[in-house]
Colleague: 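Have a look at this one before I ask anything.
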Number of protein chains: 2
Amino acid sequence: MWSQTSSYALRTLGYLATHRDRWILGKEIAEQTGIPANYLSKVLSQLRKKGLVRSLKGWGGGFQLREDALSSPILGVLELFDGARDAEACPFGLPRCDAGNPCPLHARWERIRGEIDSMLTTVTVGQLRKGPA
Amino acid sequence: MWSQTSSYALRTLGYLATHRDRWILGKEIAEQTGIPANYLSKVLSQLRKKGLVRSLKGWGGGFQLREDALSSPILGVLELFDGARDAEACPFGLPRCDAGNPCPLHARWERIRGEIDSMLTTVTVGQLRKGPA
DNA sequence: ATCTCAATGGATAACATCATCCATAGAGAA
DNA sequence: TTCTCTATGGATGATGTTATCCATTGAGAT
């Protein structure tokens with residue numbers, strides 16, 4: 001549904017959201033989430049540039065979720081890695097369909113798309129925290 | 001959302017569903033739908049093997065939609081090119097989430113997934129026909 | 001039989017995504 | 001300063017998807 005990389009980003013943020021009390025090594029995130037360490041470093045780098053994550057080099061360093069990232073909708077994360085989705089585009093790539101000239105799937109898809117958008121804008125990074133059962 | 005190739009397949013079937021009165025050249029489909037002609041031939045070949053489309057070589061030949069394809073759900077087409085989707089998989093690749101240990105997105109996604117499945121099994125190839133306004 | 005039309009299918013190339021390797025830079029410890 | 005730890009970033013490789021090229025096959029027209 002979304003790219004592997006986006007999935008990595010969400011998992012990473014979920015892990016950081018769960019451990020906000022200290023600096024987390026990239027290596028630790030990789031081990032705990034199963035994301036390839038080398039690739040993860042690229043993902044973390046982008047999350048840092050985007051301001052979702054803070055980093056500290058050297059001994060005792062690592063990564064941390066930034067405070068204001070907690071309330072950030074996950075839509076922003078997905079867009080960062082998958083690019084902005086064309087909200088208008090027919091997911092089937094059918095010839096231009098819109099309200100005036102709908103393809104057979106248009107109306108049904110319109111509704112589903114709305115629910116997905118609602119989910120992505122409502123759920124925040126902070127809510128990716130792995131809570132106690 | 002789905003692969004480019006699946007989109008091509010749906011557009012192709014839509015075009016064939018709209019012109020059921022004669023044999024349609026692959027070239028014509030390519031021109032009218034904007035699908036690369038050479039690549040389209042592969043897609044058509046798979047549609048033929050799957051029994052959705054009939055072909056005729058030589059002068060006056062081309063492609064035609066098969067009668068029974070009209071009532072076939074488009075889900076089958078998507079699975080043909082994208083492979084069967086893992087219905088259980090969390091679209092975010094988050095650590096195994098299920099009813100017992102749901103990720104924050106689980107419940108919301110469950111519902112959306114149901115609607116998508118419903119759409120894909122309900123809409124048929126015949127309904128891809130480009131009807132008169 | 002021969003010619004032309006058009007699908008068929010194998011081989012290959014272009015491209016993006018995913019992943020790894022390695023050298024460098026920054027920061028605290030000794 | 002010097003050492004170790006750890007993020008940073010450039011270069012490269014692996015893989016899957018998308019696209020193209022070309023030779024072959026089948027079928028009707030003449």
Side-chain angles (χ1 to χ4, degrees), chain A residues 1-12 15-16 19 22-66 78-85 92-93, chain B residues 1-12 15-16 19 22-66 78-85 92-93:
Chain A
M1 179 101 186
W2 287 282
S3 72
Q4 178 89 327
T5 307
S6 280
S7 163
Y8 287 167
L10 291 181
R11 278 200 264 168
T12 298
Y15 189 83
L16 289 175
H19 304 280
R22 57 191 169 87
W23 291 96
I24 310 292
L25 298 187
K27 193 181 171 190
E28 173 182 339
I29 301 175
E31 284 167 356
Q32 295 298 314
T33 61
I35 301 168
N38 290 316
Y39 192 68
L40 175 61
S41 76
K42 310 295 185 188
V43 174
L44 281 166
S45 174
Q46 291 197 68
L47 291 175
R48 185 183 61 78
K49 283 173 188 163
K50 194 69 175 190
L52 290 161
V53 152
R54 204 165 33 211
S55 71
L56 192 64
K57 288 185 180 180
W59 198 95
F63 296 90
Q64 255 186 359
L65 196 63
R66 286 176 65 115
L78 296 180
E79 285 180 343
L80 175 57
F81 294 97
D82 286 358
R85 303 181 304 148
F92 302 99
Chain B
M1 179 101 186
W2 287 281
S3 72
Q4 178 88 327
T5 308
S6 278
S7 163
Y8 287 167
L10 291 181
R11 279 200 264 168
T12 298
Y15 189 82
L16 289 175
H19 305 280
R22 57 190 168 89
W23 291 97
I24 310 293
L25 298 186
K27 192 181 171 192
E28 174 182 340
I29 301 175
E31 283 167 357
Q32 294 299 315
T33 60
I35 301 168
N38 291 315
Y39 192 67
L40 174 63
S41 76
K42 310 295 185 188
V43 174
L44 281 165
S45 173
Q46 292 196 67
L47 291 175
R48 185 183 61 78
K49 284 174 188 162
K50 194 70 174 189
L52 290 162
V53 152
R54 206 171 25 218
S55 71
L56 190 65
K57 288 185 179 180
W59 198 95
F63 295 89
Q64 255 187 358
L65 195 64
R66 287 177 64 114
L78 297 179
E79 285 180 343
L80 176 56
F81 294 96
D82 286 358
R85 304 179 304 147
F92 302 99

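A, B, ... follow the sequence lines: proteins, then strands. Residue 1 opens every chain.
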Colleague: Under the salt bridge (Lys or Arg N to Asp or Glu O under 4.0 Å) definition, can you give me all pairs with a residue in residues 37-65 of chain A, not counting sequence neighbours?
Modeller: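 Counting only pairs at least two positions apart or across chains, no salt bridge (Lys or Arg N to Asp or Glu O under 4.0 Å) contact touches residues 37-65 of chain A.
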Colleague: Taking atom C1' of dG26(C) as reference, at what distance in whole Å does atom CZ of R54(A) sit?
Modeller: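 About 17 Å, once rounded to whole Å.
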Colleague: At what distance, to the nearest 0.5 angstrom, does OG of S45(A) lie from CG of L40(A)?
Modeller: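 S45(A) OG to L40(A) CG: 10.5 Å, rounded to 0.5 Å.
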Colleague: Given atom CD1 of I24(B) and atom P of dA7(C), what is their separation to the nearest angstrom?
Modeller: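 Going from CD1 in I24(B) over to P in dA7(C) covers 11 Å.
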Colleague: What is the separation between atom CD1 on I35(B) and atom P on dA19(D), rounded to the nearest whole Å?
Modeller: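 After rounding, the reported distance stands at 10 Å.
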Colleague: Could you run through nucleotides 13-25 of chain C and give me one letter per nucleotide, 5' to 3': B if any protein heavy atom sits under 4.0 Å from the base, S if only the sugar-phosphate is that close, - if neither?
Modeller: -----SBBB---B
Colleague: Who passes side-chain contact (heavy atoms from CB on, under 4.5 Å) against D82(B), sequence neighbours left out?
Modeller: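 D82(B) satisfies side-chain contact (heavy atoms from CB on, under 4.5 Å) with W2(B), S3(B), S6(B) only.
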Colleague: Roughly how many Å is it from CD in Q64(B) to P in dA6(C), rounded to a whole number?
Modeller: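 Going from CD in Q64(B) over to P in dA6(C) covers 15 Å.
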Colleague: State whether S45(B) places a side-chain N or O below 4.0 Å from either non-bridging phosphate oxygen (OP1 or OP2) of dT8(C).
Modeller: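 Result: no.
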Colleague: By the ring pair (Phe, Tyr, Trp, His ring centres under 6.0 Å) test, which pairs, at least two apart or in different chains, include something from residues 30-56 of chain B?
Modeller: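 Listed by first then second residue: Y8(B)-Y39(B).
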Colleague: With side chains defined as the heavy atoms from C-beta onward, is the minimum distance between L16(B) and L47(B) less than 4.5 Å?
Modeller: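 No, their side chains stay 4.5 Å or more apart.
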Colleague: Pick from V43(A), L80(A), L78(A): which one makes a side-chain contact (heavy atoms from CB on, under 4.5 Å) with T5(A)?
Modeller: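 Exactly one candidate clears the test, V43(A).
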Colleague: Roughly how far apart are T12(A) OG1 and I35(A) CD1, rounded to 0.5 Å?
Modeller: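 It comes to 3.5 Å.
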Colleague: Determine: side-chain N/O of R48(A) to OP1/OP2 of dT6(D), distance under 4.0 Å, yes or no.
Modeller: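 The answer is no; no side-chain N or O of R48(A) sits under 4.0 Å from OP1 or OP2.
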Colleague: Distance check needed: dA7(D) P versus L16(A) CG, whole Å only.
Modeller: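 These atoms are roughly 11 Å apart.
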Colleague: Output the rounded distance in Å from CG (L80(B)) to P (dT17(D)).
Modeller: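 The distance from CG of L80(B) to P of dT17(D) comes to 13 Å, rounded to the nearest Å.
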Colleague: Please list all pairs meeting salt bridge (Lys or Arg N to Asp or Glu O under 4.0 Å) that have one or both residues in residues 24-35 of chain A, counting only residues at least two apart or in different chains.
Modeller: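 Applying salt bridge (Lys or Arg N to Asp or Glu O under 4.0 Å) to every pair that reaches into residues 24-35 of chain A, excluding sequence neighbours, yields R22(A)-E28(A).
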Colleague: What nucleic acid atoms does L56(A) come within less than 4.0 Å of, heavy atoms only: base, sugar-phosphate, or nothing?
Modeller: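 Sugar-phosphate, backbone atoms only, no base.
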Colleague: Tell me which residues in residues 25-34 of chain B lie within less than 4.0 Å of DNA chain C, going by non-hydrogen atoms.
Modeller: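 Here the set is L25(B), G26(B).
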Colleague: Are OP1 or OP2 of dA6(C) and a side-chain N or O of S55(B) less than 4.0 angstrom apart?
Modeller: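 Answer no for this pair, as no side-chain N or O of S55(B) is under 4.0 Å from OP1 or OP2.
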Colleague: Just how far, in rounded Å, is C1' of dT2(C) from CH2 of W59(B)?
Modeller: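 Checked: the CH2 to C1' distance equals 17 Å.
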Colleague: Could you give the distance from CZ (F81(B)) to OG (S7(B)), rounded to the nearest 0.5 Å?
Modeller: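 If we round to the nearest 0.5 Å, F81(B):CZ and S7(B):OG are 11.0 Å apart.
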Colleague: Return the value, rounded to whole Å, for the distance between atom CZ of F81(B) and atom C1' of dG16(D).
Modeller: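 Atom CZ in F81(B) sits about 16 Å away from atom C1' in dG16(D).
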